[in-house]
Novice: 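Structure provided below as structure tokens; questions to follow.
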Amino acid sequence: MLSLRGVHTHIGAYHILHGVDLEVPAGQLTMLLGRNGAGKTTTLRTIMGLWKASQGQVLLSNQQIAGPGCTALGTPEIAQQDVAYVPESMGIFSDLSVAENLLLAARRARSLKDLDTQRLEWLFGLFPALKKFWLYPAGKLSGGQKQMLAIARAMIEPRRLLLIDEPSKGLAPAMVRNMVEALKELKSTQTTILLVEQNFVVAKALGDRAAVMDDGRVVHAGAMADLAADEGLQQRLLGLSLGAHQ
Ligand SMILES: Nc1ncnc2c1ncn2[C@@H]1O[C@H](COP(=O)(O)OP(=O)(O)OP(=O)(O)O)[C@@H](O)[C@H]1O
Ligand SMILES: [Mg+2]
């Protein structure tokens, strides 16, 4: 579904990605792991065209969407290819209601009446807080509820590919479990997902594949189950101690 081949990204004078190779197979959930500063967020932003790849190629269903010589596609065009991005900062509109935030994410709806009611009920089932605070300004939600809203925005319409940056960040354990359940439900719809995660328990629960980044490169790729079973590899790649498994 998505392939990165030898992708380099510079941010200003800094050379951040040093030849990222990454395969995201269709219908699976690929975890993007790695220490702080490894280049995970930069990789997602490069896929979305928010940073320009200075070398290499990004291919979506074999069509090039980024890389030098690929001038046709900017971020809006990439989003129109049915790619949704949930950034670390969540990108929700604080002054707008929960309902309006969802409406803006539904490209085919002009008013709340146009929203697919079945899909909305499905989302309310996954994230009850959205129903409860439907007409509240999104800025008044708690951090965890905002994260739920950000993910629900990416789920309001079926997408080809979802890029999600650290959805569990800062959440209380009960909220993390809730998030994992919602993402499992999303997985069951065969949506292709690339998920950045620091929480290894979440990564183990959700990942089909795992790619580990270090210093602007993918240094390991394989089945999540293999990484989950190999504590030596986790220690070497992620610096995880046994405590990460609780
Ligand atoms: N706007 C920027 N200007 C300069 N350097 C940047 C910028 N954004 C990121 N970097 C640098 O690029 C490197 C990779 O950052 P990135 O945000 O991709 O890491 P990450 O793997 O997402 O880390 P984290 O787990 O902390 O979110 C870091 O060294 C960071 O300092
Ligand atoms: Mg990041």
Side-chain angles (χ1 to χ4, degrees), residues 2-24 29-58 65-67 74-75 78-79 83-92 143-144 146-151 153-154 161-171 175-176 179-180 183 193-207 209-222 224 227-228 233-241 243-245:
L2 177 77
S3 303
L4 277 74
R5 299 191 183 151
V7 170
H8 288 248
T9 299
H10 289 76
I11 304 179
Y14 302 97
H15 190 174
I16 309 291
L17 300 186
H18 299 267
V20 172
D21 292 308
L22 176 67
E23 294 293 330
V24 179
L29 192 151
T30 302
M31 303 294 322
L32 191 58
L33 307 170
R35 297 181 173 98
N36 291 123
K40 304 176 299 292
T41 298
T42 306
T43 300
L44 297 192
R45 289 182 60 87
T46 302
I47 296 166
M48 288 307 292
L50 291 162
W51 298 127
K52 296 289 165 218
S54 51
Q55 235 189 86
Q57 291 186 319
V58 180
I65 59 167
T75 303
I78 293 168
V83 182
Y85 173 45
V86 183
E88 260 174 315
S89 58
M90 298 178 280
I92 63 173
K146 283 183 190 142
Q147 244 140 321
M148 303 289 178
L149 173 59
I151 292 180
R153 293 189 75 211
L161 174 66
L162 276 181
L163 311 174
I164 309 177
D165 204 345
E166 288 204 57
S168 72
K169 197 163 155 184
L171 298 189
M175 280 294 224
V176 172
M179 177 79 65
V180 168
L183 290 171
I193 305 169
L194 179 61
L195 180 63
V196 172
E197 190 51 73
Q198 294 281 358
N199 182 331
F200 199 71
V201 176
V202 172
K204 275 200 300 194
L206 288 170
R209 314 282 309 162
V212 182
M213 293 191 73
D214 192 25
D215 197 19
R217 289 180 191 82
V218 172
V219 293
H220 169 88
M224 184 68 226
L227 181 60
L233 196 59
Q234 290 160 30
Q235 172 81 52
R236 185 161 63 76
L237 295 171
L238 299 162
L240 290 182
S241 61
H245 294 272

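Note that the coordinates shown come from a computational prediction; the quantities given were computed from them, not determined experimentally. Note that ligands are numbered from 1 as they come in the structure, with each ligand's atoms numbered from 1 the same way. Values below: all heavy atoms of this structure, side chains included; hydrogens, waters and symmetry mates excluded.
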Novice: Testing the 3.5 Å rule here: is there a donor-acceptor pair between the side chains of Thr9 and Thr42?
Specialist: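 Side chains of Thr9 and Thr42: no pair found under 3.5 Å.
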Novice: Quick check: do Gln198 and Lys40 have side-chain heavy atoms less than 4.5 Å from each other?
Specialist: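 In contact.
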Novice: Any non-hydrogen side-chain atom of Arg35 less than 4.5 Å from a side-chain atom of Asp214?
Specialist: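 Yes, side chains in contact.
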Novice: Which protein residues have a heavy atom closer than 4.0 Å to any atom of ligand 1, listed by chain and number?
Specialist: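 Its neighbours under 4.0 Å (heavy atoms only) are Ile11, Tyr14, Ile16, Arg35, Asn36, Gly37, Ala38, Gly39, Lys40, Thr41, Thr42, Trp51, Glu88, Glu166, Gln198, given by chain and number.
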Novice: For residues 11-19, tabulate all N or O donor-acceptor pairs below 3.5 Å that involve a side-chain atom, not counting sequence neighbours.
Specialist:
unit_1	atom_1	unit_2	atom_2	d
His15	NE2	His8	ND1	2.9
His15	NE2	Leu17	O	3.1
His18	NE2	His15	O	3.2

Novice: Could you check if a side-chain atom of Leu194 sits within less than 4.5 angstrom of a side-chain atom of Leu22, using non-hydrogen atoms only?
Specialist: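 Leu194 vs Leu22: side chains touch.
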Novice: Check whether any side-chain N or O of Gln57 sits under 3.5 Å from a backbone N or O of Gly6 as a donor-acceptor pair, and report yes or no.
Specialist: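 Not confirmed, Gln57 side chain does not pair with Gly6 backbone.
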Novice: Would you call Phe200 and Leu33 a side-chain contact if the rule is heavy atoms closer than 4.5 Å?
Specialist: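 Counting from C-beta outward, Phe200 and Leu33 do come under 4.5 Å.
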Novice: At a cut-off of 2.8 Å, list the protein N/O/S atoms near the Mg ion (ligand 2), residue plus atom name.
Specialist: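 Near the Mg ion (ligand 2), the protein supplies Thr41 OG1.
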Novice: Using the side chain to side chain contact (heavy atoms under 4.5 Å, CB included) criterion, which residues pair with Met179? Sequence neighbours excluded.
Specialist: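 Only Gln147, Met148, Ile151, Pro167, Leu171, Leu183 meet the side chain to side chain contact (heavy atoms under 4.5 Å, CB included) criterion with Met179.
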Novice: For the backbone of Ala53 and the side chain of Thr46, can you confirm whether one donor and one acceptor N or O come within less than 3.5 Å of each other?
Specialist: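 No: the side chain of Thr46 does not pair with the backbone of Ala53.
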